[in-house]
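Single-structure report; data block below.
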Amino acid sequence: TAVSIRIRRLREGPTYSGALVLVPGEIRLRHARRLLRQAPFICFIAPERDVAYASADARIWRAPSGSAVLSLEEALTYLGAEGEWAVERPPVRSTVPRLLAAATGTREPDWLLLARLKPAEKRSLDLIGDWPWVRADHLAALLGVERRRVSQLTASLEHHDLLTDHRIEGRRRFVLSDRGLALLARRDRASVAAARKRWSAEPLDPEAPRGWRNLRGGRTRQLLRHLVHTEAVHGFLAALADQARSNGSELGQVEPPHRASRYFRFQDRLRSVQPDAFGVLRCDGRAQPFFLEWERRAIRPSTMAAKLAPYLRYYSSKRPLEDHGAIPLVLIAFEDELAADHFLRVAREEQVRTGVSLPLRVSDRSALEARGPLGYAWRTISRAAAGSVFG
DNA sequence: ACGTGAACTACTAGGGTCTA
DNA sequence: TAGACCCTAGTAGTTCACGT
């Protein structure tokens with residue numbers, strides 16, 4: 001039927017001096033020859049398959065009547081030499097591809113980034129996303145590389161417009177740009193707008209001087225405002241990573257506050273612990289999780305007790321073990337030794353009062369700086385002399 | 001305290017060739 | 001056909017040196 005329709009169109013259409021007709025298959029070939037016998041023009045018919053496979057001088061073209069089989073050249077001489085060959089329009093792309101970014105000097109489109117970034121760059125991007133305002137030297141420790149390598153990685157990320165660096169209090173510090181935030185948010189299938197609202201490092205007023213008051217992101221503002229605290233937490237984790245590497249263990253996982261919090265039900269109310277960091281230290285096949293609190297504000301006994309309360313609730317349940325597979329330590333570091341002393345006393349009282357025992361380790365800045373997080377820098381409520389974290 | 005070019009090492013995946 | 005071997009390209013990271 002399809003052959004009939006097309007041949008009818010051929011007959012009823014414009015006047016041809018001749019035609020080459022291709023038909024699929026033997027049966028259609030016979031059918032077409034019968035239909036074209038009365039055609040008002042010369043034509044030759046050949047099966048599609050033969051046309052596709054044969055060369056120009058293969059004898060495959062038949063007239064509708066008669067048994068002669070002609071080659072393409074012979075058939076064309078019958079079709080009439082006068083007139084003009086149809087000229088195909090040269091193919092033109094309907095849409096011309098855009099110039100490559102490299103050619104125009106503009107930055108690459110967002111969707112190329114994930115393919116273009118190297119694994120080491122993505123790791124750096126993640127770390128800077130987790131710890132905004134991180135110092136270059138802390139970043140080096142967390143990544144486990146030399147300063148030259150940090151410079152290479154951040155230069156590349158900066159080139160892609162994914163992070164910005166700021167010189168604050170004499171040190172170079174990194175934050176993600178809005179483009180970097182968007183990249184991570186999209187990767188995590190999270191809201192880009194929400195990420196910007198929390199973590200943007202763009203100034204609210206581009207004219208005004210930079211500073212924590214002039215930041216778009218709520219969390220980045222808070223972290224910059226309390227830079228001493230922010231830096232102390234980074235410094236602790238960096239020192240821990242360094243020290244772990246040098247003694248054969250490994251800081252396997254570090255989570256920033258927004259992933260370190262744990263929510264749980266206690267006496268039918270939703271409660272939570274909100275540490276400054278959560279991490280897992282791996283040494284000789286054992287994994288030791290820990291929460292970190294870097295404490296500056298809990299100075300009075302009542303604020304110290306208030307600080308402790310969420311942890312006492314959390315550790316009164318089975319949740320710490322169920323959440324982590326091992327009981328996480330609660331590491332609490334103070335700016336000065338005296339506060340640590342007070343805290344230990346308050347902690348002892350609170351544990352007796354509530355009957356909950358906390359795997360508490362307490363230290364202070366000077367002890368940590370002198371001996372390091374894995375050194376003899378930690379005291380417990382039952383041990384006045386400083387021991388190691390696992391002691 | 002930091003930035004960066006040059007030259008280097010180490011390691012890996014993938015491919016090709018040869019041989020028992 | 002498996003295995004030994006070699007080559008290449010790419011990535012990761014270091015060291016040194018020379019700046020600002």
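When reading the values below, keep in mind they use all heavy atoms of this one structure, side chains included, and skip hydrogens, waters and symmetry mates. In the text below, chain A, chain B and the rest are named by the order of the sequence lines, each starting its count at 1.
Heavy atoms of Arg147(A) sit under 4.0 angstrom from at least one base atom. Contact annotation for Arg172(A): backbone-only contact, meaning every heavy-atom pair under 4.0 Å involves sugar-phosphate atoms and none involves a base.
A nucleotide of DNA chain B counts as in contact with chain A when one of its atoms lies under 4.0 Å from a heavy atom; the first and last such, 5' to 3', are dA1(B) to dA6(B).
Nearest heavy-atom pair, Arg171(A) versus Asp137(A), reported as atom, atom and distance to 0.1 Å: NH1-OD2, 3.5 Å.
Looking only at side-chain heavy atoms (C-beta outward), Leu72(A) and Leu20(A) come within less than 4.5 Å of each other.
Position along DNA chain B of the nearest nucleotide to Arg148(A) versus Arg135(A) favours Arg135(A) as the more 5'-ward residue.
Under the ring-ring contact (aromatic ring centres under 6.0 Å, His included) criterion, the residue pairs touching residues 167-201 of chain A are Trp199(A)-His258(A), with sequence neighbours excluded. For the side chain to side chain donor-acceptor pair (under 3.5 Å) condition, the pairs that include at least one residue of residues 209-218 of chain A, sequence neighbours left out, are His166(A)-Arg210(A).
Sorted by residue number, the list of members of residues 121-128 of chain A with any non-hydrogen atom under 4.0 Å from DNA chain B is empty.
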Practice prompt. Could you give me the CA-CA distance, side-chain angles and deciding distance for Glu202(A) and Ser200(A), then say whether side chain to side chain donor-acceptor pair (under 3.5 Å) is met?
Written response: CA-CA 5 Å; Glu202(A) 293 293 314; Ser200(A) 176; 5.4 Å; no

Fill in: Verdict with supporting geometry, Gln152(A) and Arg149(A), side chain to side chain donor-acceptor pair (under 3.5 Å)
CA-CA 5 Å; Gln152(A) 283 174 355; Arg149(A) 184 64 181 146; 2.8 Å; yes

Between the protein and nucleotides 8-11 of chain C, list the N/O to N/O atom pairs that are separated by less than 3.5 angstrom.
none

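Applying the side chain to side chain donor-acceptor pair (under 3.5 Å) criterion to Gln253(A), with sequence neighbours excluded, gives Glu255(A).
Using bins of under 30°, 30° to 60° and over 60° for the plane-to-plane angle, the ring pair Tyr314(A)/His324(A) lands in the perpendicular bin. Under the 30°/60° scheme for interplanar angles, the aromatic rings of Phe291(A) and Phe278(A) are found to be tilted.
Separating the OH atom in Tyr376(A) from the CZ atom in Arg371(A) is a distance of 11.0 Å, to the nearest 0.5 Å.
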